[in-house]
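Note sheet for the following structure.
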Amino acid sequence: MERDVIGTLSDSELFWRNKQEFLQSHGYMLRPRYRVGWIPSWKLDPTAHLLDAEDRLFFMVRRAHVMDARRISDNKLVLIKKVAANSQELQIGTYFSSIDLRQDPRNHCVPILDVLTDVEDTTVVYIVMPFLRHIASPDFDTVGSILTCVQQLLEGLVFLHEHNVAHRDCAYMNVMMDADAMYPRRFHPIAIYSLPDAVSTTAPVLPRESVPVTYYYVDFGISAIFSAPEDITRRVTGIDGQDQEVPELSDVVPYDPFKVDIFILGNLFRRRLLERYSNVGMLSPLVSNMIRQNPDERPNAIEALEQFSEIARGCGLCIDSGEQGSVASPWKPYRSMTLYIL
């Protein structure tokens, strides 16, 4: 019975199966489960163990608008997302993926690698991005790796705000990392700790501090973009977003979305770093300032980065923005200091 259920594609899976040839024609290959004519591997070999079958794995229904694929030219794992052709997410994503802006090492907006227009419905496009992992997948292992993450995210927030964009939802699910360099034999997009073609085998992983790891902001679906810093209308309303602890969220009273970003990122640092790992207490003053209840008392993005730099210098460290994701990062005394999960 279980084999029959897993061997039947859901409606959302059928949607992607029906797009397989279109995507392949543009250089992207879906997994065997989503190719035309797929027959479950365990039906071809009844002696096979279901748990060993790669093609039993599928995205949850709540993620029906996204699908993983491999870029045929180099076998790179990518994520394909279905969005409206006139969406703000597409507008902001492609803007920050322009050649000029991608050259800025502070640009930590997820790169848009490709945009494909649906031939059957031109109101829909598919944006192709690197396949990213959540920042704590796997767990941080050294203090240096956490400091590098904080530095990149603060630099990225400065970059966003300099370009008059407030993310408004830069919480845990929308802050991710490109961990490809950590997995020399790659990993499976669903069974993310397993090898891509042997899902019963754990994928070997390298320490973060030994390879380049870049952190990205993703999903600009509720972001706000303004024409200029002096725009007097730099206020928004709305209570959408993952972090419902932001005190000023309101459907009625306008608020500053840039100060909301500061609170959300600070709250991420508090919940996902300070309260989870040892030896990172030096970040407490920064986090306390970022999550002040009064938005006017919070630092802006530049001030938050400056405070982080002061903390780093107080620890005897040297700040160097350098190359995006560089392992020649400034955390020499802290690079190998072990973290413990609290």
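As the structure is a computational prediction, the values presented were derived from the model and not from experiment. Every heavy atom of this structure was used, including side-chain atoms; hydrogens, water molecules and symmetry mates were not.
In this structure Asp243 satisfies the salt bridge (charged side-chain N to carboxylate O under 4.0 Å, His left out) test together with Arg271, sequence neighbours excluded. Applying the side chain to side chain contact (heavy atoms under 4.5 Å, CB included) test to Asp251 and every residue at least two apart in sequence or in another chain returns Ile239.
Between Trp16 and Leu9, the closest side-chain pair of non-hydrogen atoms is not below 4.5 Å. At least one side-chain heavy atom of Arg35 sits under 4.5 Å from a side-chain heavy atom of Met29. In this structure, the side chains of Phe22 and Leu116 come closer than 4.5 Å at one or more pairs of heavy atoms. The shortest distance between side-chain heavy atoms of Val175 and Tyr217 falls below 4.5 Å. In this structure the side chain of Leu153 reaches within 4.5 angstrom of the side chain of Leu265, judged on heavy atoms. Proximity of Leu147 to Val143: side-chain heavy atoms (C-beta onward) are separated by under 4.5 Å at one or more points. At least one side-chain heavy atom of His161 sits under 4.5 Å from a side-chain heavy atom of Asp261. Counting heavy atoms from C-beta on, the side chains of Tyr193 and Ser137 come closer than 4.5 Å.
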message = Run the salt bridge (charged side-chain N to carboxylate O under 4.0 Å, His left out) test on Arg276 and Asp139 for me, step by step, so that the C-alpha distance in whole Å, both residues' side-chain angles and the decisive distance to 0.1 Å come before the verdict.
response = CA-CA 10 Å; Arg276 181 169 175 79; Asp139 273 306; 3.1 Å; yes

Stepwise side chain to side chain donor-acceptor pair (under 3.5 Å) test for Thr123 and Asp121 = CA-CA 5 Å; Thr123 67; Asp121 182 358; 2.6 Å; yes

task = Begin with the C-alpha distance, continue with both residues' side-chain angles, and end with the deciding distance and a verdict on side chain to side chain donor-acceptor pair (under 3.5 Å) for Glu303 and Gln307.
result = CA-CA 6 Å; Glu303 292 167 341; Gln307 184 178 1; over 6 Å; no

message = Could you go through Thr237 and Val252, starting from their C-alpha distance and side-chain angles, then the distance that decides it, and tell me whether this counts as side-chain contact (heavy atoms from CB on, under 4.5 Å)?
response = CA-CA 6 Å; Thr237 56; Val252 178; over 6 Å; no

task = Please test Met129 against Leu113 for side-chain contact (heavy atoms from CB on, under 4.5 Å), starting from the C-alpha separation and ending with a verdict.
result = CA-CA 5 Å; Met129 302 168 284; Leu113 306 176; 5.5 Å; no

inquiry  = Walk me through whether Met67 and Phe15 qualify under side-chain contact (heavy atoms from CB on, under 4.5 Å).
reply    = CA-CA 10 Å; Met67 178 55 65; Phe15 171 85; over 6 Å; no

query = Hey, mind stepping through Glu162 and Arg106 against salt bridge (charged side-chain N to carboxylate O under 4.0 Å, His left out) and telling me if it holds?
reply = CA-CA 11 Å; Glu162 279 184 1; Arg106 304 171 305 154; 2.9 Å; yes

task = For Leu154 and Phe269, run side-chain contact (heavy atoms from CB on, under 4.5 Å): C-alpha distance rounded to whole Å, both residues' side-chain angles, the deciding distance at 0.1 Å, then the answer.
result = CA-CA 11 Å; Leu154 286 173; Phe269 294 159; 4.3 Å; yes

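Taking each heavy atom of Val125 and Ala85 in turn, the nearest pair found is CG1-CB, 3.8 Å. For the pair Ile264 and Ala171, the tightest heavy-atom approach, listed with the atom from each and the gap, is CG2-N, 3.5 Å. What you find for Tyr255 and Leu249 is that their closest heavy atoms are OH-CD2, 3.5 Å. In terms of heavy atoms, Pro32 sits closest to Trp38 at O-CD1, 3.3 Å. Among all heavy-atom pairs drawn from Pro130 and Pro111, the shortest one is CD-O, 3.3 Å. Heavy-atom minimum distance, Ile225 versus Gln91: CD1-NE2, 4.5 Å.
A salt bridge links Glu13 with Arg33: the distance from a Lys NZ or Arg NE/NH1/NH2 to an Asp or Glu carboxylate oxygen falls below 4.0 Å. With respect to the salt-bridge test (charged N to carboxylate O, under 4.0 angstrom), the residues Glu245 and Arg270 qualify. Lys82 and Asp118 are not joined by a salt bridge, as no carboxylate oxygen comes within less than 4.0 angstrom of a charged side-chain nitrogen. Lys76 has a carboxylate O that lies under 4.0 Å from a charged side-chain N of Asp180, or vice versa, which qualifies the two as a salt bridge. Between Arg31 and Asp68 there is a salt bridge, with a side-chain nitrogen of the basic residue lying less than 4.0 Å from a carboxylate oxygen of the acidic one.
For the pair His134 (side chain) and Ala136 (backbone), a donor-acceptor distance under 3.5 Å is absent. With Glu54 contributing its side chain and Asp197 its backbone, the two residues share no donor-acceptor pair below 3.5 Å. Distance alone, capped at 3.5 Å, places no donor-acceptor pair between the Ser87 side chain and the Val83 backbone. Formation of a donor-acceptor pair under 3.5 Å by the Ser12 side chain with backbone atoms of Ala64 is not found in this model. With hydrogens and angles disregarded, no donor-acceptor distance shorter than 3.5 Å links the side chain of Arg208 to the backbone of Thr148.
Under the 4.5 Å side-chain heavy-atom criterion for Ile, Leu, Val, Met, Phe, Trp and Tyr, Ile127 and Leu101 are members of the same hydrophobic cluster. In this structure, Ile72 is not a member of the same hydrophobic cluster as Val128, with clusters built from ILVMFWY side-chain heavy atoms closer than 4.5 Å. Leu195 and Tyr183 fall into different hydrophobic clusters, where Ile, Leu, Val, Met, Phe, Trp and Tyr residues are linked whenever their side-chain heavy atoms come under 4.5 Å apart, directly or through other members. With hydrophobic clusters built from ILVMFWY side chains whose heavy atoms lie under 4.5 angstrom apart, Ile80 shares a cluster with Val119.
Under a cutoff of 6.0 Å and an axis angle of 45°, Arg298 and Phe263 do not form a cation-pi pair. The cationic group of Arg133 lies under 6.0 Å from the six-membered ring centre of Phe187 and within 45° of the ring axis, placing it in a cation-pi geometry.
For Tyr126 and Thr117, the side-chain atoms include no donor-acceptor pair closer than 3.5 Å. For the residue pair Glu155 / Gln151, a side-chain donor-acceptor distance below 3.5 Å is found, with atom types taken as modelled. Of the N and O atoms on the side chains of His167 and Asn174, not one donor lies less than 3.5 Å from an acceptor on the other residue. Side-chain contact check for Thr214 and Asp178: no donor-acceptor pair (N or O, by modelled atom type) lies under 3.5 Å. A donor-acceptor pair shorter than 3.5 Å cannot be found between the side chains of Tyr172 and Gln242. At a cut-off of 3.5 Å, with distance as the only test, a side-chain donor of Asn164 or Arg234 sits close to an acceptor on the other residue.
With a 6.0 Å radius and a threshold of 12 heavy atoms from other residues, nucleotides or ligands, Leu51 has its CG atom above the threshold.
Identified under the salt bridge (charged side-chain N to carboxylate O under 4.0 Å, His left out) test for residues 84-94, with sequence neighbours left out: Lys81-Glu89.
To the nearest 0.5 Å, the span separating CD on Gln88 from OH on Tyr95 amounts to 13.0 Å. Taking CD1 from Ile311 and CG from Leu286, the interatomic distance works out to 5.0 Å, rounded to the nearest 0.5 Å.
Screening Phe96, Phe226, Phe258, Phe159 for a side chain to side chain contact (heavy atoms under 4.5 Å, CB included) involving Val165 leaves a single residue, Phe96. Across Asn289, Asp296, Asn294, a single residue satisfies side chain to side chain donor-acceptor pair (under 3.5 Å) together with Arg292, and that is Asn289.
Checked against a 6.0 Å centroid threshold, the rings of His108 and Tyr215 do not count as neighbours. Note: Tyr34 and Phe59 fail the aromatic proximity criterion, with ring centroids not under 6.0 Å apart.
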